[in-house]
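Atoms within each ligand, like the ligands themselves, are counted from 1 in listed order.
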Amino acid sequence: MIPTHPFNDLAGWIEQVAVLPALYRLGLMRWEFLSFGWVLVALYGLAQMLLALGVCMPLERLWPIERGGNARLVWTDIAYTALARIGILPIATFVLFYTAQTWLNGVLVDHGYIPPMLETMIPPLFGHPVLTFFAYALILDFADYWRHRLSHRFSLWYALHAVHHAQRQMTVWSDDRNHILDEIASFTWFMMIGLLIGIPPLQFPILLLALRLVESFSHANIRLHFGRIGERLLVSPRFHRAHHAIGAAGLRSVNYGAVFPFWDMLFGTADFSRDFAPTGDATAPESMASGGYLAQQWAGMRYLMRTLAR
Ligand SMILES: [Zn+2]
Ligand SMILES: [Zn+2]
């Protein structure tokens, strides 16, 4: 039984009037049982975009780090966000994750193994769903710290990640500005971790969306830091901007953490001293910085080929 909640009600309604008829027409009724969850996750993604529009954009106007800028470039980043949060994320983190988890657990049970669960690895978590949810978030963020750090370490991977760093005009929409192959690599990485610790299927997309909410905010063009202690508890726009600083692209970067800064403090990559530096990657091709969506994706592909040829 699905509890009544405005999001659930709206998702149920969209499922009934649009998704189920479309699945029926396309002969895809075998996916019917996943359609509600898929619509719900897409709606959460849409709600995040509305939050960015209604809360972060006014703050960007009130206390900007940089004024002016090119509206066309921001529109390209908005397209990235819509594609990632409403298009790719619900498929990758719910439909694919659910399918992979059902398959994996089936294979394990068939061979006499118990499917992995975080609560069996850390027994005190049993019976504490909120604490377990935070433990999942902490583990995913730790995994993301290393994924991000390695994407700067290997030049082939950085050639794709450069699409994210080429942006000279950061806004609340810049978090999802990624090469599609880089995005697939991240989702695969997150899925593997999610399977290893047995995150329940509907919690997995909600966790990733919650982490990405903080990430969107840390890209915002808002002159804001959280104070001496706060800066060490949650990644702020000031902290993440140091990661994007123009002289710190590629190997020389700092502040890889997406949500919690303590991974950087623990592994010696934290830098709290930089104050709202200009951003971008001077070594990236111009079309990666100021081209449209397809031009940026193509530039990433060419950058990858050139790095491969060297
Ligand atoms: Zn980076
Ligand atoms: Zn970033």
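Between Glu215 and Arg85, none of the side-chain N atoms (NZ, or NE/NH1/NH2) sits under 4.0 Å from a carboxylate O, so this pair counts as no salt bridge.
Residue Met170 forms a side-chain contact (heavy atoms from CB on, under 4.5 Å) with just one option from Glu66, His244, Glu60, and that option is His244.
In this view, Phe217 satisfies the ring-ring contact (aromatic ring centres under 6.0 Å, His included) rule with no residue, not counting sequence neighbours.
A centroid separation of 6.0 Å or more is found between the aromatic rings of His164 and His148.
His165 contributes no side-chain N or O that, together with a main-chain N or O of Asp281, makes up a donor-acceptor pair within less than 3.5 Å.
Taken from CG in Leu150 to CH2 in Trp146, the straight-line distance is 7.0 Å, to the nearest 0.5 Å.
Around the Zn ion (ligand 1), protein atoms of type N, O or S found under 2.8 Å number 5.
Shortest distance from the Zn ion (ligand 2) to His240 is reached at NE2 (N/O/S atoms only).
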